[in-house]
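Working notes, structure below.
First listed ligand is number 1; within each ligand, the first listed atom is number 1.
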Amino acid sequence: MNPALAAALSTEQREVYNAIRAYADHRNVAVYLVGGAVRDWLMGHPAGDLDFTVEVDAIDFARGLMEAHGGQVTAHERFRTATWLWVGHHTDFTTSRSETYPRPAMLPVVTPAPIERDLYRRDFSINAMALRLRNDVLVDLHDGQGDLSRKEIRALHARSFTDDPTRILRAARYAARFGFSVESATREWIGHGLAYLKDLSGERVKYDLELIFGIPQPERALILLREWDVFRAFGISVPEAEALRARFDAIRLHLRMWHTATINLTRAELIHAIGWGALIYNLGQLSARRWLDLIPHTAEVREALVSLGVLSTLSATLFDGKPSRQSDILRPFSGLALLITWLFDHSASKRAAAFSEWHAWRGMQPVTTGDDLKARGARPGPIYGKLLASLRNAWLDGEVTSADEERALLERLLSQ
Ligand code: CTP
């Protein structure tokens, strides 16, 4: 294996690579490492997932590997692709293919084709290089290496963004992620693709915007998309560049101070939900509604994003009063909604209240229980809730600070 490539791969990835190479030799099949892993290796970055293109049926090839080495294969019949899970790694196989787009923004029809055509169907020159496993030769027909050294994102042909407008979002993501600029013809072609963005399904837009939320500085990509009029093309506004910068700064600076353990989302889901919050917070009802109509979310995330409409417009003066009153206002909102408010609201008192509500107020319970009230002879009914709420509020407002003080307060309340 090429020593620089070996350095970019983990021990398990090298094991996967060597197994594939040996199996390809045994079957006398042309196999190529393609896409991001080649680009990452040439940039001296650790490689992400490995993608291979084979000049035979990819599903058949992956199943053969599974028979030889074990693991599990998931096949995707429509595009004749397969994923092989082995030694803890997901490795993707595609059949070397050309693509035709029946209509702009639709998914392509694929036909098996030699590697040259397969590379030409790809988005950018830096993603259109392949390493032939048999002899370690780099196939770079579109000067991807030149673009890596010029630090440029360059599409391969004028129809690239009309065929697949998600590539507009990808261009911004790669430019932001690597600090590259977008080559001038590519920039012009992006302009031609804008009209087709609204033909994309919400699922596809969501997928690519969430990939953006996952890079270290998403605001760079979002600001580029804003400059390119991408959001205008969707008919939706987003915050100004300055606000986007401030919001993603806030995420990087503060997120770890918030206990997220009891928010029922994975880390990636949380990062995505907060990214949507950064786009939607304080945006105004109309634009927020448009985002929510376009992008499909799980019920939990959707509910939190919808509730931002109320949270962002609550007057800051409501959060100058007693903690018990503030907690009453914030209690109906989910932890995710409070977290987004805490990250992005302008009012320091509202932010502090959102933090306290989640970390302290919500969990506060008086020492007295319903059973205690019953033992004291109070007749069960709505009065129980009122009494317990009064005791809880007294704790929140610092009016009682010990079990004895709470008992004394309960005596007073019962005597009334
Ligand atoms: N691709 C494309 N057009 C798209 C999506 C993907 O041409 N809309 C091609 C690119 O050649 C890309 C490859 O498919 O390199 C695999 O796509 P993906 O897995 O999204 O990217 P990676 O190459 O793995 O790069 P990364 O995940 O690091 O962005």
Side-chain angles (χ1 to χ4, degrees), residues 8-9 13 16 32-54 58 76 79-84 89-101 104-110 113 115-131 138-145 147-148 153-180 186 189-190 193 196-197 199-201 203-218 220-221 230 268:
L9 303 184
Q13 283 177 320
V16 170
Y32 301 85
L33 179 67
V34 288
V38 178
R39 177 201 68 218
D40 291 342
W41 146 50
L42 292 170
M43 293 178 82
H45 296 175
D49 289 341
L50 302 185
D51 294 316
F52 293 88
T53 288
V54 292
H76 313 279
F79 293 115
R80 300 305 297 170
T81 62
T83 303
W84 180 39
H89 272 267
H90 289 94
T91 305
D92 287 330
F93 295 90
T94 55
T95 307
S96 181
R97 70 201 195 204
S98 67
E99 292 180 342
T100 45
Y101 290 80
M106 280 185 74
L107 291 173
V109 176
V110 306
I115 188 72
E116 293 75 19
R117 295 288 302 281
D118 186 279
L119 295 178
Y120 185 63
R121 74 168 171 92
R122 289 172 185 268
D123 51 2
F124 306 114
S125 64
I126 59 168
N127 286 344
M129 295 180 277
L131 180 74
L138 183 70
V139 185
D140 178 12
L141 305 173
H142 305 286
D143 196 22
Q145 292 175 99
D147 287 323
L148 282 180
I153 305 298
R154 185 168 56 80
L156 303 188
H157 56 81
R159 278 192 339 276
S160 191
F161 300 101
T162 45
D163 282 347
D164 180 356
T166 65
R167 288 178 175 168
I168 300 176
L169 309 179
R170 291 173 65 88
R173 171 162 59 92
Y174 287 120
R177 181 170 154 203
F178 299 137
F180 282 17
T186 301
W189 297 338
I190 285 175
Y196 301 95
L197 280 166
D199 299 333
L200 291 171
S201 67
E203 259 322 321
R204 293 182 72 193
V205 178
K206 177 175 198 263
Y207 179 81
D208 270 291
L209 282 176
E210 290 184 344
L211 286 179
I212 288 179
F213 298 153
I215 66 174
Q217 289 180 300
R220 286 195 189 177
V230 165

Original post:
What class does the angle between the rings of F178 and Y174 fall in, given that below 30° is parallel, 30 to 60° is tilted and above 60° is perpendicular?
Top reply: parallel

Subject >> Over all atoms of both residues, closest heavy-atom pair of P104 and Y196 >> reply: CB-CD2, 3.3 Å

Original post:
How far is atom 7 (O) of ligand 1 from its nearest protein heavy atom, and which residue and atom is that?
Top reply: D123 N, 2.7 Å

Subject >> Criterion side chain to side chain contact (heavy atoms under 4.5 Å, CB included) on F161 and T186, from CA distance to verdict >> reply: CA-CA 9 Å; F161 300 101; T186 301; 3.8 Å; yes

Original post:
Considering R122, R170, R173, R39, which one's heavy-atom position lies nearest to atom 6 (C) of ligand 1?
Top reply: R170

**OP:** May I ask you to check if ligand 1 and D40 share an N or O to N or O distance below 3.5 Å?
**Re:** no

Original post:
Can you list the ligand 1 atoms lying under 4.0 Å from a non-hydrogen atom of Y174?
Top reply: 21 (O), 25 (O), 26 (P), 29 (O)

Subject >> For ligand 1, the portion of F124 having any non-hydrogen atom under 4.0 Å away >> reply: neither

Subject >> Under-4.0 Å heavy-atom contact with ligand 1, by part of D51 that carries it >> reply: side chain

Subject >> Close-contact set for ligand 1 against T166 heavy atoms, below 4.0 Å >> reply: 8 (N)

Original post:
So, is G35 polar-close to ligand 1, with some N/O to N/O distance under 3.5 Å?
Top reply: no

Original post:
Minimum heavy-atom separation for A130 to V38, with atom names?
Top reply: CA-CG2, 4.4 Å

**OP:** Please report which non-hydrogen protein atom sits nearest to atom 8 (N) of ligand 1, along with the residue it belongs to and the distance in Å to one decimal place.
**Re:** D164 OD2, 2.7 Å

Original post:
Considering only heavy atoms of R177, which atoms of ligand 1 have at least one such atom less than 4.0 Å away?
Top reply: 26 (P), 28 (O), 29 (O)

Original post:
Given H45, R167, E99, which one has a non-hydrogen atom that is nearest to atom 3 (N) of ligand 1?
Top reply: R167

Subject >> Cationic N near anionic O, under 4.0 Å, R204 to D164 >> reply: yes

**OP:** Mind checking the NE2-CZ spacing from H142 to F124? Nearest 0.5 Å is all I need.
**Re:** 13.5 Å

Subject >> Closest approach of A37 to L50 (non-hydrogen atoms, all atoms of both residues) >> reply: CB-CD2, 3.8 Å

Original post:
Among protein heavy atoms, which sits nearest to atom 23 (O) of ligand 1, and what does the distance come to when rounded to 0.1 Å?
Top reply: G36 N, 2.7 Å

Subject >> Proximity to ligand 1 by part of N127, non-hydrogen separation under 4.0 Å >> reply: both

Original post:
More than 12 non-hydrogen atoms from neighbouring residues, nucleotides or ligands closer than 6.0 Å to NE2 on H90, yes or no?
Top reply: no

**OP:** Would you check if there is a donor-acceptor pair between the side chains of T81 and T94 at a distance under 3.5 Å?
**Re:** no

